Amino acid sequence: MREPMARILITSALPYINGIKHLGNLVGSLLPSDAYARYMRLRGHDVMHICATDEHGTPAELAAAKAGKPVEQFCADMFETQKALGEGFRLSFDHFGRSSGPRNHALTQHFAGKLFEAGLIEEVMEKQVYSNTDGRYLPDRYIEGTCPNCGSENARGDQCENCTKQLDPTDLINPRSAISGSTDLEVRETKHLYLRQSKLRDRLRDWINTKTDWPILTTSIAKKWLDDGDGLQDRGITRDLDWGIPVKKGDADWPGMEGKVFYVWFDAPIEYIAATAEWADAHGKPDADWRRWWREDEGADDVKYVQFMAKDNVPFHTLSFPVTIMGSGEPWKLVDHLKAFNWLTYEGGKFSTSSQRGIFMDQALDLLPSDYWRWWLLSNAPESSDSDFTWSAFQSGCNKDLNDVLGNFVSRVTKFCRSKFGEVVPSGGTPGEEEAALIAELDTRLAAYGAAMEAIEVRKAAAELRGIWVAGNEYLQRAAPWAAFKTDPDQAAMVIRTALNLMALYATVSKPFIPDASAAISESLDWDGEWPASAAEALNALPEGHKFTVPENLFRKIDDNEREAWDAKFSGTSAT
RNA sequence: GGCGAGGUAGCUCAGCUGGUUAGAGCGCACGACUCAUAAUCGUGAGGUCGAGAGUUCAAGUCUCUCUCUCGCCA
C-alpha cells in the first residue's frame, strides 16, 4: 500500500566557509538531513534537499588572509573542498550552492527592500571601532584590551572572559586589534540598518506556539530569546566589510549605505531559497520550478519544509529568518518542522579547530569509507543531549553492527548458497512457521523504523535498522540451513532463498544510513528495490533462478592497533 | 554571574502525558552452533534511577533545596 506522494523541502544548516568541518558539524546537521532526505525519496516522496556554503563575514576574511588568498579565491577553493567532502560522505543534496552567488545577492536585496517598505528596517548611526593598520572595522569580539572591571589584559570588546562582565569596545583600556595587535584604532560614526524584530514579536510568538510538535530544545531556545530581559532585540543587519552582499533595496541603490554589505546572518538563511534557484539554473529549469518549492502562491502550499541544524543555529531559524519571511509580506514558505541537534564531544571534550582536536571530514575519509562514519555518527547522534565520540565506542560500534551483524550476514548467506546451490537464487521448499515468525517481526520492525524516520528520531531509527539486520542472523540460526541441507536440500534452499531476499531488503532499507554498502549488496544481487509494501512481499522479491555474485566483504574490522594509533593522532596539541 | 542541558547497569544511552518484577547496545560469564569476516545465536550476572525533603493510593517520571558535570552568553 503506497502512501500518497508528498513534497518535502529539506535544508541543512549551511557549513561556514572558513575551514573544513569536523565530525560534530557533520552529525549536527548534514548527515541527519541526508538520511532523512534519502528515506523520504525511498518512500517515493518528491524531495528537494538543499545545502550551501555560508561564505560571508569577518571570519571568512580572516581565514582567507591567513591562507594568503584573496577572499573570493579562498571561498571558491574552500567551496570546492567542502562540496567534494560532502560528496565523499555521500550527502545527497539536490543542490549544494554558495551564499555568495548572484541568486542570493538578488534575493537578499529583494528581502531587504520589502522589509524596508514594510517599515521593518531602520537606519541607525552608530560608533564602531576602525583599525587603521588592518584597514577595516573591527567587530566587538576582535578588539582586545584591559578590562576596566577586573584588570585582565585579555578582555574582548564584547565581554571580559575573566570576570565575564559585558563590555562595550570603548570600555577597554589600551584597546588593540585582535587581528594585528595594532593599537592604531579610532572610533568612527557609521550608518547601519537594523531589522526591527521587536515589531514582530507577537506574531513570532503566536507562530511558535502553533509548533506543538517541535522538540523542547527548539521551542525553549526560541522562547528564551523572545521573552528574556527586554524581549527580542532589534538587530543590525549590515556591516562595514568588502566581502558580502552590497546593501540595496531590491535593484535600487540605498542612499547612505554605499560600500556596506549585509550581515552574514541576514543573507545566509536566504541562501536556502537562493540555492534552490541555483538548482534550477544548474538544470536549465525555469524559475517556476524552484518557486513552487518556496512560494505558497506558486505551488508551495502543499510543501512540508524541514530544517536541520545544530542548537546554536536555532535562534536564527526560529526568529531572525522568520522575521525576514514574515516581514516581507510575501507568501514565502516558513519552516514546518525544525530538527536541532546537541553537540558531539570528542573523548569527553570539545572538538576544536584551533588546537586540531578531534576529527575533521577530510581526515575521516582518509581513515575509513564514509559508511563507517555515517553509521556510527547517525546511530549515536546527539539528539536529546550531547553525545560523546570515543575511539573505542566507534571501533566496537562499527565492528559489531556493520562487520559482524550485517557484513557477516551477507557473507555467510552468499557463500553458503554458492557452495550448495551455486550463485543463483535456489528453488524448492515451502515456507513454514519460522518464515511466518520472521515476517511478523520484520513487519513490526519496518513499521517502527519508518515511524522513527518520519519523526526524525535518528538514533531510534538506527536501532530499529540494526534490529532488522539482527533478525536475519536470528532467523538463520533457528532455520539452520547447513543442518537441513544434509537431510532436506529443498528446505535448505527455501531458507537460503529467504535469506537472499532478506539481503535484498537490507539493501533497500539501509540506504538512508549506509548508501555505499546498500549499493554493494544491490550490485551483488543485480537487483534494486523500492520500499516494500510488506515483509511478505519483500521476501518474495527475488525470482527463483535469479543470478547473483558473492560480494567482497562489505566491511572490515577496526583493530586495536589502529584504534590506538588514531586515538593518539587526533588527541590534539594540548595535553589535556 | 545569568541562562540552558544533563547526572539511570562497567561504558554509551532509551525511558511519552507519574502506575505491573527499570530497558537497549556494547563489555563480561556460561552455553549452543559450525554456513560465515574467530563471525552468529541463546541464557545470565550487573542499577537503593546524583543527595535530601515534599505532593500522591502510587515517582526515575511532578515540586523545592542541595550537589556535580557540560555548554552558551550574540
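Lettering follows sequence order; numbering is per chain, from 1. Just so it is clear, the model here is predicted, and its values are computed rather than measured.
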Under 6.0 Å between the ring centres of F421(A) and F485(A)? yes
With a 6.0 Å cut-off on ring centres, are W566(A) and F394(A) close enough? no
Just call it for I496(A): base, sugar-phosphate, or nothing, with non-hydrogen atoms closer than 4.0 Å on any strand. nothing
Go through E434(A) and R478(A) one step at a time and tell me if the salt bridge (charged side-chain N to carboxylate O under 4.0 Å, His left out) criterion holds. CA-CA 8 Å; E434(A) 290 294 358; R478(A) 288 195 307 266; 2.7 Å; yes
If a pair means Watson-Crick or G-U wobble with both distances below 3.5 Å, what does RNA chain B look like in dot-bracket form, with | marking bases paired to a different strand? (((((((..((((.....[...)))).(((((.......))))).....(((((..]....)))))))))))).
Output every pair passing salt bridge (charged side-chain N to carboxylate O under 4.0 Å, His left out) with a member in residues 482-505 of chain A, not counting sequence neighbours, ordered by first then second residue. R497(A)-E544(A)
Taking for S419(A) and for Y263(A) the nucleotide of RNA chain B with the nearest heavy atom, the one nearer the 5' end belongs to S419(A)
Assess whether a salt bridge exists between E383(A) and K339(A), defined as any Lys/Arg side-chain N lying under 4.0 Å from an Asp/Glu carboxylate O. yes
chi for rG46(B) classified (syn = within 90 degrees of 0, anti otherwise) as syn
Hey, which sits more toward the 5' end of RNA chain B by its nearest nucleotide, F316(A) or N380(A)? N380(A)
rU40(B), OP1 or OP2 - any side-chain N/O from K400(A) closer than 4.0 Å? yes
Residues of residues 402-413 of chain A with a heavy atom under 4.0 Å from any atom of RNA chain B, listed by number, are N403(A), D404(A), G407(A), N408(A), S411(A), R412(A)
Answer yes or no as to whether rC35(B) has its base stacked against W482(A), where stacking requires a ring-centre separation under 5.5 angstrom and planes under 30 degrees apart. yes
In whole angstrom, give the distance that lies between atom CG of D559(A) and atom P of rA38(B). 14 Å
Set of side-chain contact (heavy atoms from CB on, under 4.5 Å) partners for D54(A), sequence neighbours left out: L14(A), Y16(A), S99(A), V264(A), A268(A)
Who pairs with Y475(A) by ring-ring contact (aromatic ring centres under 6.0 Å, His included), at least two apart in sequence or on another chain? none
How would you label the contact of D401(A) with the nucleic acid (heavy atoms, under 4.0 Å): base, sugar-phosphate, or nothing? nothing
Phosphate OP1/OP2 of rU37(B) contacted by K415(A) side-chain N/O (<4.0 Å): yes
Between rA39(B) and K557(A), is there an OP1 or OP2 to side-chain N/O distance shorter than 4.0 Å? yes
Using a 3.5 Å cut-off and no angle test, enumerate the donor-acceptor pairs between side-chain atoms of residues 437-445 of chain A and protein atoms at least two apart in sequence or in another chain.
unit_1	atom_1	unit_2	atom_2	d
E441(A)	OE2	R445(A)	NE	3.0
D443(A)	OD1	A535(A)	N	2.9
T444(A)	OG1	A440(A)	O	3.1
R445(A)	NH1	E464(A)	OE1	3.1

Under the criterion side chain to side chain contact (heavy atoms under 4.5 Å, CB included), which of R235(A), H192(A), H56(A) is the partner of Y263(A)? R235(A)
